[in-house]
Amino acid sequence: SVTINELVFFDAAGKIIKTHALKLTGEGGEDFSQDSSAYAYGYINGESSGIIFFDLATGEKLWEHAFKTRLSGFKLAGGGKRLLALTSAGKNRSIYLLDASGGELWRAELTTSNHCAPEKINSDGSRFEVLESKDVYNEKDGYVHSTPVKRHHYIFKENTVREEAVENLEVALTSSVQPHQAVKKQ
């Protein structure tokens with residue numbers, strides 16, 4: 001668990017340009033836009049979560065989007081024109097596509113007991129991918145491996161999103177397969 005009390009922005013010369021007092025306790029993550037003009041910080045407080053979006057040139061907070069469920073991950077597109085976010089509650093996963101002001105362009109539900117995370121988003125935010133993974137215990141090495149099982153491909157067009165394809169990535173975990181993440185089972 002992490003506690004963040006303050007977020008400080010510096011210019012290229014190291015001078016402070018903006019300071020934000022924050023009171024965030026829990027897990028967090030961050031992403032920078034591909035052109036380094038925007039910064040987003042995602043936080044989790046219990047079962048609620050949110051994303052705070054900043055302009056990197058000025059350090060100004062541009063918006064904050066709160067979620068009622070737990071944030072699983074997010075990715076910024078291009079200069080921050082769009083943001084892809086995933087949340088989870090039990091077996092329900094929600095996929096959000098937000099615009100540059102934090103407004104919801106689209107949302108869909110994905111029902112699965114697997115973990116889901118945004119994997120890729122193109123520079124204009126019109127195409128994105130969600131990776132679905134499951135935990136598999138390997139008796140040979142005693143570790144639980146997070147193994148990719150599906151990749152969902154989406155396209156955003158005319159204010160709606162459609163799923164273009166689903167790749168089945170599931171393979172038997174063998175010693176020749178490199179796990180995405182491994183955790184020793186206690």
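From a predicted model like this one, the values you see are computed outputs, not experimental measurements.
Using modelled atom types and a 3.5 Å distance limit, the side chains of T19 and E6 yield no donor-acceptor pair. Side-chain polar atoms of Y43 and E64 form a donor-acceptor pair below 3.5 angstrom. If you check the side chains of Y96 and E104, you find no donor sitting under 3.5 Å from an acceptor. Residues S123 and Q34 have side chains that never bring a donor and an acceptor to within less than 3.5 angstrom of each other.
Salt bridge absent: E109 and R93 never bring a charged side-chain N and a carboxylate O closer than 4.0 Å.
The environment of CD in E139 is sparse: at most 12 heavy-atom neighbours from other residues, nucleotides or ligands sit within 6.0 Å.
A donor-acceptor pair is defined here as one N or O able to donate and one able to accept, closer than 3.5 Å; no such pair exists between the side chain of R70 and the backbone of S49. At least one donor-acceptor pair closer than 3.5 Å links the side chain of N122 to the backbone N or O of R127. A donor-acceptor distance shorter than 3.5 angstrom exists from the side chain of H20 to the backbone of G59, with no hydrogens or angles considered.
To the nearest 0.5 angstrom, S146 atom OG is 9.0 Å from N114 atom CG.
A salt bridge (charged side-chain N to carboxylate O under 4.0 Å, His left out) with R151 is found for exactly one of E163, E119, E132, namely E119.
Under the 6.0 Å cut-off for aromatic ring centres, F128 and H152 do not qualify, their centroids lying 6.0 Å or more apart.
In terms of heavy-atom proximity, T147 sits nearest to V136 at OG1-CG2, 4.1 Å.
The aromatic rings of F53 and W63 lie parallel to each other, their planes meeting at an angle below 30°, with 60° marking the opposite boundary.
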